[in-house]
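Below is one structure, written out as structure tokens; the observations come after it.
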Amino acid sequence: MADLNGKLDQVKGDAKEALGNVTDNESLENEGKADQLSGGVKDKLNEAGDAIKDEANEVAGKIQDARDEN
């Protein structure tokens, strides 16, 4: 669900930025850009968290394998 939140923020930001451009509303345009950035950051944090979990699981597997050998 967390990865979906980042994508939703990016889409919402795209829409706000486009609407801001069409209506010549600089504040709305900037808000859209901020939402896009926020969504991108959320995506990167989720990717980093997933990578950490994968590494932790790999290490745990190696430890278990070493115990099983003994």
Side-chain angles (χ1 to χ4, degrees):
M1 181 68 176
D3 56 341
L4 182 60
N5 287 334
K7 296 292 183 208
L8 288 174
D9 283 350
Q10 289 176 337
V11 170
K12 180 176 66 171
D14 288 340
K16 284 182 181 180
E17 184 180 5
L19 185 59
N21 280 330
V22 169
T23 60
D24 201 29
N25 183 333
E26 190 174 334
S27 177
L28 186 59
E29 185 180 343
N30 288 335
E31 188 177 328
K33 289 177 182 179
D35 287 345
Q36 291 171 34
L37 181 61
S38 173
V41 168
K42 286 179 184 178
D43 283 345
K44 293 298 178 188
L45 287 173
N46 283 329
E47 290 173 15
D50 289 344
I52 290 169
K53 288 176 192 174
D54 290 345
E55 288 296 318
N57 287 335
E58 186 177 327
V59 168
K62 288 180 181 179
I63 291 171
Q64 187 62 43
D65 290 345
R67 285 183 182 166
D68 291 345
E69 290 177 1
N70 294 329

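Since we're looking at a predicted model, the values are computed, not measured. Sequence positions, counted from 1, serve as the residue numbers for this chain.
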Value rounded to 0.5 Å, distance of CG in L45 from CG in D50: 11.0 Å
Minimum heavy-atom distance between S38 and D9, given as atom pair plus value: OG-OD2, 3.8 Å
N21 and E17: side chain donor to acceptor below 3.5 Å: no
Atom pair NZ/CZ of K62 and R67 - distance to nearest 0.5 Å: 15.5 Å
Where D35 and K12 come nearest, the two heavy atoms and their spacing: OD2-CE, 3.5 Å
Euclidean distance, I52 CD1 relative to N57 CG, rounded to 0.5 Å: 12.0 Å
Non-hydrogen side-chain atoms of K44 and V41 separated by less than 4.5 Å: no
